Amino acid sequence: MILKELETLGADLHKRRQKGAELLADSVNAELLDLNMKGVTFHVMTEKLQELASTGLSDVEFLSQTSAKDAKRPLAKFASGGELSRILLSLKRVVGSSNQPRTYLFDEVDTGVSGETAEKVGRKLRTIAKGQQVVCVTHLPQVAAFGDIHFFIQKSPQKDSVNMVVSELKQKDRVQEIARLISGEKISKTSLAHAEQLLADAKQN
């Protein structure tokens, strides 16, 4: 009696998951297009199990496809660091914040992007950071400008090892660092003005 009821509930939940999977995939793929991930497609596979398990009657797996000619492959095994970061960024944008705040680390999220797309990445990261803690490693000034706190990380070679020195940048130093990201080691008045404008624009978003 109880087993039949569980199987009925599991079958109903599986149908809901199938519909939800299509909606989630469509929404995430729209975000990926906005993040300059052309060609990469996110899929959610929902396979019905023959017997009840701890998750009901569904086996759910995230897949990715790098082009229409390629096969769908498990995201956890084949996606690059940059792809994983931007897919996670898209997922968080779609599902919103959690009731239980978490810490998210994004590395290589800006790989292969620049200009307008980099600014979109920065905006999306700031949106996710409302109610969550987001740590982002970036080399792009457009992304760095959207951070509430900016840390500078530098390798300090020692005799037998390499130490990492982490420094929090205050406003003046932050302008200098973003200007350096814009123009390299030779910081100009133009790059400083551009850095100040990036920070000012980020505050308004």
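What you see is a predicted model, and the numbers here were worked out from it, not measured in a lab.
The backbone N or O of S27 sits nowhere less than 3.5 Å from a side-chain atom of R93 that would complete a donor-acceptor pair. For R86 (side chain) and T111 (main-chain N/O), a donor-acceptor pair under 3.5 Å exists by modelled atom type. At distances below 3.5 Å, at least one donor-acceptor pair connects side-chain atoms of S85 with backbone N or O atoms of D107. Between the side chain of Q154 and the main chain of V165, no donor-acceptor pair closer than 3.5 Å is present.
The hydrophobic clustering, which links ILVMFWY residues whose side-chain heavy atoms are closer than 4.5 Å, places V94 and M37 together. Transitive grouping of hydrophobic side chains (ILVMFWY, heavy atoms separated by less than 4.5 Å) brings F62 and V28 into a common cluster. V40 and L63 are assigned to two separate hydrophobic clusters, defined by single-linkage of ILVMFWY side chains at heavy-atom distances under 4.5 Å. When the side chains of ILVMFWY residues are joined at heavy-atom separations under 4.5 Å, either directly or via intervening members, L140 and L199 end up in two distinct hydrophobic clusters. F78 and M45 sit in two unconnected hydrophobic clusters of ILVMFWY residues. Membership requires side-chain heavy atoms under 4.5 Å apart, directly or through other members.
A heavy-atom distance below 4.5 Å is found between the side chains of L192 and V175. Counting only heavy atoms from C-beta outward, the side chains of I178 and H150 approach each other to under 4.5 Å. The closest side-chain heavy-atom distance from D148 to R126 is below 4.5 Å. Taking the side chain as every heavy atom from C-beta outward, T46 and S58 never approach each other to under 4.5 Å. Looking at L3 and L52, their side chains come closer than 4.5 Å, going by heavy atoms from C-beta outward. You'll find the side chain of L24 reaches within 4.5 Å of the side chain of L91, heavy atoms only. In this structure the side chain of E61 never reaches within 4.5 angstrom of the side chain of D59, judged on heavy atoms. Annotation: side chain of I182 is in contact with side chain of L198 (closest heavy-atom distance under 4.5 Å).
Surrounding CD of E116 are at most 12 heavy atoms belonging to other residues, nucleotides or ligands under 6.0 Å away. Sparse packing is recorded around CD of E5, with 12 or fewer heavy atoms of other residues, nucleotides or ligands lying under 6.0 Å away. Atom NZ of K72 has 12 or fewer neighbouring heavy atoms from other residues, nucleotides or ligands inside a 6.0 Å radius.
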(Q) Would N36 and K38 count as a side-chain contact (heavy atoms from CB on, under 4.5 Å) here? Give the steps. (A) CA-CA 6 Å; N36 200 28; K38 297 174 183 176; 4.1 Å; yes
Q: Test side-chain contact (heavy atoms from CB on, under 4.5 Å) on L57 and L13 and set out the steps.
A: CA-CA 8 Å; L57 284 172; L13 180 58; over 6 Å; no
Q: Carefully, step by step, assess D34 and K124 under the rule side-chain contact (heavy atoms from CB on, under 4.5 Å).
A: CA-CA 10 Å; D34 200 36; K124 291 179 191 294; 3.2 Å; yes
Q: Carefully, step by step, assess L89 and L125 under the rule side-chain contact (heavy atoms from CB on, under 4.5 Å).
A: CA-CA 7 Å; L89 177 58; L125 286 167; 3.8 Å; yes
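Between the CD atom in E51 and the CD atom in E7 there is a gap of 9.0 Å [rounded to 0.5 Å]. Once rounded to the nearest 0.5 Å, the distance linking NZ of K170 with CD1 of I149 reads 8.0 Å. Rounding to the nearest 0.5 Å places NZ of K15 at 7.0 Å from NZ of K48. Taking CD of E47 as the start and NE2 of H14 as the end, the distance is 8.5 Å to the nearest 0.5 Å. Distance CG/L84 to CZ/F106: 11.0 Å, rounded to 0.5 Å. One distance of note links CG of D26 with CD of E31; it measures 12.5 Å at 0.5 Å rounding.
Pairing each heavy atom of Q142 with each of A118, the nearest pair is CB-CB, 3.8 Å. Residues K92 and Y104 share a closest heavy-atom pair of NZ-OH, 3.0 Å. Between G184 and I187 the shortest heavy-atom distance is O-CG1, 4.0 Å. Closest of all the heavy-atom pairs between A179 and A195 is N-CB, 3.7 Å. Between L35 and S90, the shortest heavy-atom distance links the atoms CD1-OG, 3.5 Å. Of all heavy-atom pairs spanning S191 and S183, the tightest one is OG-OG, 3.3 Å.
Screening V137, V135, L169, V166 for a side-chain contact (heavy atoms from CB on, under 4.5 Å) involving F151 leaves a single residue, V166. The side chain to side chain donor-acceptor pair (under 3.5 Å) test with D201 singles out one residue from K203, Q197, Q204, and that residue is Q197.
A salt bridge is defined here as a Lys NZ or Arg NE, NH1 or NH2 lying under 4.0 Å from an Asp or Glu carboxylate O, and E177 with R180 meets this definition.
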